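Since the structure comes first, as structure tokens, the remarks are kept for the end.
Computed from a predicted model, the values in this text were never measured in an experiment. Remember, it's 1-based here, ligands and their atoms both numbered in the order they're listed.
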Amino acid sequence: MREVLAFATADDVADAAAFLFVNLAAQAVRDRGAFYVALAGGATHLSCYRLLSAPLISSRVDWEKTQVFFGDERCVPEGHPDRNDDAAAAALLNHVSLPGKNIHRIPATERDGAERYESEIRGAFSIFSPSSDKGIPRFDLVFLGMGPDGHTASLFPGRASLDEAQRLVLRVDDSPKPPVSRVTFTLPLVNAARHVSLLVTGKEKAAALARVLLEDAALPAARVRPTAGTLTILADAAAVSDSKNPPAAGTSR
Ligand code: 6PG
């Protein structure tokens with residue numbers, strides 16, 4: 001299922017994303033005893049992460065039962081300004097009572113970092129083999145951003161990684177958005193999620209979002225279609241401005 005929620009401003013999008021996180025976390029802990037979430041990189045999500053770090057909101061999340069992963073990471077050392085995990089830590093993870101063992105950073109500077117991270121994900125879900133009858137690990141929430149070219153995570157238009165059908169995590173060395181090397185979730189892992197939330201704000205992304213809403217499969221973000229889950233696109237008015245019959249701000253379609 002796909003829903004598109006349009007909001008007047010980027011701050012409203014961040015609000016909606018934060019409450020989606022809180023609600024899905026409560027539901028996952030109630031239903032399955034744990035909440036598995038993959039955070040997005042880039043700047044759009046940082047406002048949402050900062051909101052989640054506010055005690056009034058963070059106190060509603062059972063962080064002891066929350067397992068935090070990352071949908072992609074740049075192949076630069078920890079502490080480098082380009083690291084997605086460090087940005088999420090500064091905005092959120094360092095400010096909540098999340099045990100260190102619950103934070104699963106990608107070993108992105110290791111040559112076999114993708115293989116190791118895939119093993120770590122499989123271990124966390126006790127689904128150790130691709131042939132397991134348990135299928136693919138199902139995150140409760142995968143946060144994604146989108147670039148002006150329609151990329152998401154570190155899956156870029158026209159790249160072979162977009163067509164990966166087996167592996168759950170890949171290293172790519174052909175990113176047009178620097179840095180060139182990254183480790184990323186693949187579409188099979190993203191689309192196995194119970195809920196994917198794609199955050200898109202800003203006029204510079206309006207053309208790509210219009211194509212995504214028309215399901216233009218040339219764009220990686222248009223290929224995010226959870227097999228048995230929900231995709232929620234949270235966008236501001238600037239980002240939906242090129243879309244035909246866009247949902248009015250504050251509504252869904
Ligand atoms: C990355 C991100 C990437 C990001 C989009 C949007 O590591 O670069 O995972 O997919 O989410 O490029 O970035 P902004 O939110 O900064 O526009």
Side-chain angles (χ1 to χ4, degrees), residues 7 9-14 16-18 21 37-52 68-93 104-109 113-114 117 139 141-159 161-162 164 168-187 189-191 193 196-209 211-212 219-224 231-236 238-240:
F7 297 88
T9 69
D11 284 346
D12 296 331
V13 168
F21 181 106
V37 59
L39 300 182
T44 302
H45 285 74
L46 295 179
S47 303
C48 166
Y49 299 161
R50 283 189 281 268
L51 284 172
L52 283 169
V68 174
F69 292 78
F70 298 88
D72 71 332
E73 187 56 273
R74 290 83 178 275
C75 295
V76 292
E78 287 188 19
H80 186 286
D82 280 352
R83 287 283 300 206
N84 286 330
D85 54 9
D86 287 335
L92 172 59
L93 307 181
H104 305 269
R105 294 172 181 264
I106 299 177
T109 53
Y117 203 55
F139 279 85
L141 172 60
V142 173
F143 266 147
L144 292 174
M146 187 187 79
D149 61 353
H151 81 260
T152 192
S154 286
L155 300 170
F156 293 89
R159 300 310 198 265
S161 49
L162 200 49
E164 174 59 44
L168 304 183
V169 181
L170 278 181
R171 176 186 170 113
V172 299
D173 295 299
D174 56 2
S175 165
K177 174 182 178 184
V180 70
S181 294
R182 294 140 171 268
V183 175
T184 184
F185 278 20
T186 61
L187 285 172
L189 183 55
V190 169
N191 285 330
V196 180
S197 182
L198 177 68
L199 272 59
V200 187
T201 61
K203 177 69 177 161
E204 72 279 5
K205 302 183 181 178
L209 182 58
R211 290 176 62 189
V212 167
L219 299 190
R223 309 246 306 243
V224 174
L231 167 63
T232 301
I233 299 176
L234 301 175
D236 67 356
V240 297

Does ligand 1 have an atom that lies less than 4.0 angstrom from a heavy atom of E73?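 In this structure, E73 fails to qualify as a contact of ligand 1 - no heavy atom is under 4.0 Å.
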
What part of [X], side chain, backbone, both or neither, has a heavy atom within less than 4.0 angstrom of ligand 1?
X   : answer
N84 : side chain
A40 : neither
T44 : both
H45 : neither

Using a 3.5 Å cut-off on N or O atoms only, is S154 in polar contact with ligand 1? no

Per-atom contacts, ligand 1 versus [X] - under 4.0 Å to a heavy atom:
X    : answer
R182 : 1 (C), 7 (O), 8 (O)
D72  : 1 (C), 2 (C), 7 (O), 9 (O)
H151 : 3 (C), 5 (C), 10 (O), 12 (O)
R74  : 1 (C), 7 (O), 8 (O)
G145 : 11 (O)

How many angstroms lie between atom CZ of R182 and atom CZ of R171, to the nearest 0.5 angstrom?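 It is 12.0 Å, given to the nearest 0.5 Å.
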
With respect to L93, which candidate in D85, L52, L39 satisfies the side-chain contact (heavy atoms from CB on, under 4.5 Å) definition? L39

If the test is side-chain contact (heavy atoms from CB on, under 4.5 Å), which one of L168, T184, T152, V196 qualifies with V190? V196

Starting from [atom], find the nearest protein heavy-atom neighbour and note its residue, name and distance.
atom                    : answer
atom 6 (C) of ligand 1  : M146 O, 3.5 Å
atom 13 (O) of ligand 1 : K177 NZ, 3.6 Å
atom 17 (O) of ligand 1 : K205 NZ, 2.5 Å
atom 16 (O) of ligand 1 : A43 N, 2.7 Å

Just say parallel, tilted or perpendicular for the rings of F143 and F21, cut-offs at 30° and 60°. parallel

Take the angle between the ring planes of F69 and F139 and call it parallel below 30°, perpendicular above 60°, tilted in between. perpendicular

With heavy-atom distances below 4.5 Å as the criterion, would you say the side chains of T44 and K205 are in contact?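 Contact flag for T44/K205 side chains = yes.
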
Residue pair D12 / D236, side-chain heavy-atom distance below 4.5 Å: no

Using 4.0 Å as the upper bound for N to carboxylate O, is an ion pair formed by D149 and R211?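 No, this pair does not count.
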
Counting heavy atoms only, which of G41, G42, A153, P179 is nearest atom 11 (O) of ligand 1? G41

Quick one: closest heavy-atom pair of A208 and G147, and the distance?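 Scanning both residues, the minimum pair turns out to be CB-O, 4.2 Å.
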
Donor on one side chain, acceptor on other, S181 and D173, under 3.5 Å: yes

